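One structure below.
These numbers come from a predicted model, not from an experiment. Side chains are part of it too, since the values below use all heavy atoms of this structure and drop only hydrogens, waters and symmetry mates.
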Amino acid sequence: MSRELPWVVSVDDHVVEPPDVWTSRLPAKDRERGPRVVRATCRTEYVTANTVKYHFGGDGPETDWWVYEDLRKPVPQVVACVGFPRESLTMEPISYADMRPGCYDPAARLADMDLNHTEMSLCFPTFPRFCGQTFLEAQDRDLALACVRAYNDWMVEEWCGGSGGRLLPLCLIPLWDPRLAADEVRRNAARGCRAVAFTELPANLGLPSIHDPARYWDPFFAACDETGTVVCMHIGSSSRMPVTSPDAPEGVRMALTFANAQYSFVDWLMSGALARFPKLKIAYSEGQIGWMPFVLERVDNIFRHSRAWAGLDPSITELPSTYAAGRVFGCFFEDDFGIASRAAVGLDRITFETDYPHQDSTWPRTREILERIAAEVGPDELYGIARGNALAMLGMEDPAR
């Protein structure tokens, strides 16, 4: 007998920012210096099969370019490719006119969510990159701060504001200043934002790690702890993807996309941050989940057998895994082993994503995937995986219950 499938709350989707996000929100004096879209030709140079350089004004077709300081950046088709056959996906640039409108228009996104058995969605940025690295790398920090705030205003007021609570805001922080970051967390939490993007490995961005003895990040962590804001870390948010060697095929890098999330998970469990901030929650977006049980076992064994010389933060007084319960969340879209190992992963920490509009997106097949999962798990487990755990992570009541 078939059973009703819960509608999904996706904790990892993406938005391609409309061209006017910054030109309509920055002060007039900054609009020609902030991010903006211009039309120009583009020559695409393939360094490897999936690594390209885009040449602004080069010998090629005209497309839309994001322009900001010295940066010239088009949108690759593979990150705005829903509606295209998988065999036709490329790294060539795509113009807004050729994208499915759900990539950048909130009303069209809601319609596509309806087609995909998805009730709510949390969206990471595109032009700013997964945690705002574009603004971290900018030369003018005052302008960059204004850009972060303008993005957050657009995210809360326009992208999510008219969605009836279906589009959930995910905001950015100024990564270069943890006190300004804390201010931005509190500013957005006051208007309903429950999630903020952060980097999985800060040291890869030239920032202090979460082990910093001066506790550089504590003001930011304290603000998230105080406001119930979840720290969301997407694969690639440290601007460096793992690879085994320069001559490894692209498939090796693709298979290892989860590895930085694994490193970060160990970092957090052994940093003391979760012990010092007992209400702080973190989430690994698109990292999958099947690897999590071994990490939990490994860090606990180090605590048991090597604590005297492991250099752990003294605030860690219990098994590291105990700080993860109900506070560290994994996110998957295709992980049969993780589902089979769900009890070891932790039934309360598994969340689902549709990854719209990227190349791995489950759109419009999410209902089919849920049906496959439903054949393996009980109804309460399915509810938690599809939506319950995500809502708990975000501190939200379920409007359907």
Side-chain angles (χ1 to χ4, degrees), residues 2-18 75-92 94-126 130 159-160 162-168 170 234-235 254 257 285-289 330-336 338-339 350-377 379 381-391 398-400:
S2 63
R3 53 178 153 132
E4 184 178 352
L5 296 175
W7 278 65
V8 164
V9 175
S10 174
V11 298
D12 174 26
D13 295 315
H14 303 265
V15 58
V16 179
E17 297 79 19
V75 177
Q77 186 224 25
V78 292
V79 302
C81 59
V82 288
F84 290 89
R86 286 184 179 269
E87 60 272 15
S88 72
L89 303 188
T90 75
M91 293 296 293
E92 297 289 332
I94 185 171
S95 296
Y96 281 87
D98 296 323
M99 295 177 198
R100 190 174 179 89
C103 294
Y104 55 84
D105 177 79
R109 176 64 64 93
L110 292 176
D112 278 354
M113 289 164 60
D114 290 341
L115 294 173
N116 198 38
H117 201 72
T118 303
E119 182 179 354
M120 301 181 196
S121 171
L122 193 73
C123 292
F124 283 84
T126 297
F130 291 130
W159 179 251
C160 301
S163 70
R166 295 185 63 190
L167 294 172
L168 307 172
L170 173 69
H234 197 284
I235 58 167
M254 294 166 68
T257 54
S285 304
E286 208 173 318
Q288 313 304 329
I289 58 174
C331 172
F332 82 102
F333 59 83
E334 187 178 31
D335 191 341
D336 292 344
I339 294 300
I350 300 173
T351 62
F352 185 76
E353 65 168 279
T354 77
D355 200 29
Y356 183 109
H358 283 189
Q359 68 271 22
D360 286 322
S361 179
T362 61
W363 187 91
R365 304 173 295 107
T366 292
R367 185 180 177 87
E368 299 170 22
I369 292 170
L370 278 188
E371 288 172 346
R372 193 177 75 199
I373 296 172
E376 305 295 327
V377 307
E381 293 174 327
L382 182 65
Y383 170 80
I385 291 167
R387 64 186 286 120
N389 294 338
L391 293 171
D398 190 339

Next on the checklist: Is it the case that the side chain of Arg100 and the backbone of Ala80 share a donor-acceptor pair, with hydrogens and angles ignored and the cut-off at 3.5 Å?
Outcome noted: no

Checklist entry - Under the salt bridge (charged side-chain N to carboxylate O under 4.0 Å, His left out) test, which residues partner Glu119, sequence neighbours left out? => result Arg387

Checklist entry - How long is the gap from CG on Asp98 to CZ on Phe84, to the nearest 0.5 Å? => result 6.5 Å

Item to check | Those residues that, when tested against Phe130, pass ring-ring contact (aromatic ring centres under 6.0 Å, His included) (two or more places apart) | outcome: His14, His234

Checklist outcome for this item: The reported gap from CD1 in Ile385 to CD1 in Ile289 (rounded to nearest 0.5 angstrom) is 7.0 Å

Item to check | Polar side-chain atom of His117 near backbone of Pro6 as donor-acceptor pair, under 3.5 Å | outcome: yes

Checklist entry - Do you see a donor-acceptor pair shorter than 3.5 Å between the side chains of Asn389 and Thr351? => result no

Next on the checklist: Determine whether Val15 and Leu167 satisfy the following criterion, side-chain contact (heavy atoms from CB on, under 4.5 Å), listing intermediate values before the conclusion.
Outcome noted: CA-CA 11 Å; Val15 58; Leu167 294 172; over 6 Å; no

Item to check | Candidates Arg109, Arg166, Arg367 - the one meeting salt bridge (charged side-chain N to carboxylate O under 4.0 Å, His left out) with Asp114 | outcome: Arg166

Checklist entry - Is any side-chain heavy atom of Pro399 less than 4.5 Å from a side-chain heavy atom of Met120? => result yes

Next on the checklist: Please find the pair of heavy atoms, one from Leu370 and one from Ala386, that lie closest to each other, and give the distance.
Outcome noted: CD2-CB, 4.1 Å

Checklist outcome for this item: Here the pair of heavy atoms bringing Asp335 nearest to Gln288 is OD2-CB, 3.5 Å

Checklist outcome for this item: Between the CG atom in Asn116 and the OH atom in Tyr356, the distance rounded to the nearest 0.5 Å is 9.0 Å

Next on the checklist: With heavy-atom distances below 4.5 Å as the criterion, would you say the side chains of Met113 and Ser121 are in contact?
Outcome noted: yes

Item to check | Considering all heavy atoms, the nearest Ile94-Gln77 contact | outcome: CG2-CA, 3.7 Å

Checklist entry - Hey, what do you get for OG1 (Thr126) to NE2 (His358), rounding to the nearest 0.5 Å? => result 5.0 Å

Item to check | Closest non-hydrogen atom pair, Gly165 against Leu168 | outcome: O-CD2, 3.3 Å

Item to check | Donor-acceptor under 3.5 Å (Trp363 side chain, Asp112 main chain) | outcome: yes

Next on the checklist: Are Phe352 and Phe333, when compared by the centres of their aromatic rings, separated by less than 6.0 Å?
Outcome noted: no

Next on the checklist: With side-chain contact (heavy atoms from CB on, under 4.5 Å) as the criterion, how do Ile350 and Glu381 come out once you've worked through the C-alpha distance, each side chain's angles and the decisive distance to 0.1 Å?
Outcome noted: CA-CA 10 Å; Ile350 300 173; Glu381 293 174 327; over 6 Å; no

Checklist entry - So, does Asp355 use its side chain to make a donor-acceptor pair with the main chain of Asp13 at under 3.5 Å? => result no

Next on the checklist: What's the separation between atom CD1 in Ile339 and atom CD1 in Ile373, rounded to the nearest 0.5 Å?
Outcome noted: 5.0 Å

Checklist entry - When rounded to the nearest 0.5 angstrom, what distance separates CD in Glu286 from CD1 in Ile235? => result 4.0 Å

Next on the checklist: Are Pro357 and Cys103 packed together at the side-chain level, in the sense that at least one heavy-atom pair is separated by less than 4.5 angstrom?
Outcome noted: yes

Item to check | Presence of salt bridge, Glu376 and Arg372, under 4.0 angstrom | outcome: no

Checklist entry - Which pair of non-hydrogen atoms, one from Cys331 and one from Glu353, has the smallest distance, and what is that distance? => result SG-OE2, 3.2 Å

Checklist outcome for this item: Only one of Leu115, Val8, Leu5 passes side chain to side chain contact (heavy atoms under 4.5 Å, CB included) with Thr366, and that residue is Val8

Checklist outcome for this item: Between Val11 and Ser285, the two heavy atoms sitting closest are O-OG, 4.2 Å

